[in-house]
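Because the structure is predicted, anything quoted here is derived from the model rather than measured. Hydrogens, waters and symmetry mates are skipped; everything else that's a heavy atom, side chains included, is used.
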Amino acid sequence: MQHNSGFLKLVDAAKQRIKECTAADVHARIAQGDQFHFIDVREDHEYQSGYAAGARHLGKGIIERDIEIAIPGRQELIILYCGGGFRSALAADALQQMGYANVLSMDGGIKAWREAGYPIENDHSD
């Protein structure tokens with residue numbers, strides 16, 4: 001997907017303020033039994049087509065509205081991902097501005113997760 005320059009400039013600025021991790025980092029945390037919130041911020045239809053095993057959905061369009069109910073603890077580890085790591089970077093930046101202190105964006109998003117061969121789940125309940 002080709003992204004416009006304004007969007008990329010916004011993402012680049014957000015990436016200067018946030019921390020990122022790799023799909024391998026997240027997979028290792030899961031394997032070690034680490035406790036964290038693994039959040040897919042993609043659109044509903046993207047999530048329904050398959051998501052990283054163990055992730056739950058809070059789309060970028062509603063995450064700021066719903067995060068305080070979904071994850072009231074502002075010190076808890078939250079790892080966000082999207083399709084390629086751009087929208088999750090923007091969402092991570094917004095959550096940090098809301099006072100969440102331990103937020104990571106998974107660089108490469110679901111694309112990197114799939115390329116690594118990590119498990120994908122499908123939710124057909126909707």
Participant: With a 4.5 Å heavy-atom cut-off, do I120 and I110 have their side chains touching?
Facilitator: yes
Participant: Got a sec, which residues hit side-chain hydrogen bond (donor to acceptor under 3.5 Å, both in side chains) with Q75, two or more places apart in sequence or on another chain?
Facilitator: none
Participant: Taking the side chain as C-beta and beyond, is there a heavy-atom pair between I79 and R29 under 4.5 Å?
Facilitator: yes
Participant: Which pairs, with at least one residue in residues 59-68 and sequence neighbours excluded, count as a side-chain hydrogen bond (donor to acceptor under 3.5 Å, both in side chains)?
Facilitator: E68-R74
Participant: L58 versus V41: any side-chain heavy-atom pair under 4.5 Å?
Facilitator: no
Participant: Hey, does C82 have a side-chain heavy atom less than 4.5 Å from the side chain of M106?
Facilitator: no
Participant: With rounding to the nearest 0.5 angstrom, report the CD to CG distance, E20 to L80.
Facilitator: 11.0 Å
Participant: With rounding to the nearest 0.5 Å, note down the distance linking OG in S5 to CG in D12.
Facilitator: 10.5 Å
Participant: Are side-chain heavy atoms of I63 and L95 found at a separation under 4.5 Å?
Facilitator: yes
Participant: Is the distance between the ring centroids of H3 and F86 under 6.0 Å?
Facilitator: yes
Participant: Do the non-hydrogen side-chain atoms of L8 and N4 ever get within less than 4.5 Å of each other?
Facilitator: no
Participant: Listed by chain and number, what are the side-chain hydrogen bond (donor to acceptor under 3.5 Å, both in side chains) partners of R42, not counting sequence neighbours?
Facilitator: D40
Participant: Which heavy atom in I18 sits nearest to a heavy atom in S105, and how many Å separate them?
Facilitator: CD1-CB, 3.7 Å
Participant: If you take all heavy atoms of G50 and N122, which pair is closest and at what distance?
Facilitator: CA-OD1, 3.1 Å
Participant: Can you classify the ring geometry of Y81 versus F38 as parallel (below 30°), tilted (30 to 60°) or perpendicular (above 60°)?
Facilitator: tilted
Participant: Please list all pairs meeting salt bridge (Lys or Arg N to Asp or Glu O under 4.0 Å) that have one or both residues in residues 78-90, counting only residues at least two apart or in different chains.
Facilitator: E46-R87
Participant: So, D93 side chain and L90 main chain: donor-acceptor pair closer than 3.5 Å or not?
Facilitator: no
Participant: Only counting residues at least two apart or in another chain, list the ones meeting side-chain contact (heavy atoms from CB on, under 4.5 Å) with H37.
Facilitator: I39, R56, I71, E76, I78
Participant: So if you build clusters from Ile, Leu, Val, Met, Phe, Trp, Tyr with side-chain heavy-atom gaps below 4.5 Å, do Y118 and Y51 land together?
Facilitator: yes
Participant: Can you list the residues that meet the side-chain contact (heavy atoms from CB on, under 4.5 Å) rule with A13, with sequence neighbours excluded?
Facilitator: R17
Participant: Among the clusters formed by ILVMFWY side chains lying less than 4.5 Å apart, do L77 and I30 turn up in the same one?
Facilitator: yes
Participant: Not counting sequence neighbours, which residues clear ring pair (Phe, Tyr, Trp, His ring centres under 6.0 Å) with Y100? List them please.
Facilitator: none
Participant: Go through the structure and list residues passing side-chain contact (heavy atoms from CB on, under 4.5 Å) with A112, not counting sequence neighbours.
Facilitator: A23
Participant: Sequence neighbours left out, what passes side-chain hydrogen bond (donor to acceptor under 3.5 Å, both in side chains) with S49? Give chain and number order.
Facilitator: none
Participant: So, for A89 and A14, which heavy atoms are closest and what is the spacing to 0.1 Å?
Facilitator: O-CB, 3.9 Å
Participant: For D44, enumerate each residue passing the side-chain hydrogen bond (donor to acceptor under 3.5 Å, both in side chains) test, keeping only those at least two apart in sequence or located in another chain.
Facilitator: none
Participant: Looking at W113 and V26, would you say the former's side chain and the latter's main chain have a donor-acceptor pair under 3.5 Å?
Facilitator: no
Participant: Taking side-chain contact (heavy atoms from CB on, under 4.5 Å) as the test, write out the residues that go with Q32, two or more places apart.
Facilitator: A28, D34
Participant: Could you note down all residue pairs passing salt bridge (Lys or Arg N to Asp or Glu O under 4.0 Å) where residues 101-112 supplies at least one of them, sequence neighbours left out?
Facilitator: K15-D107, K111-E115
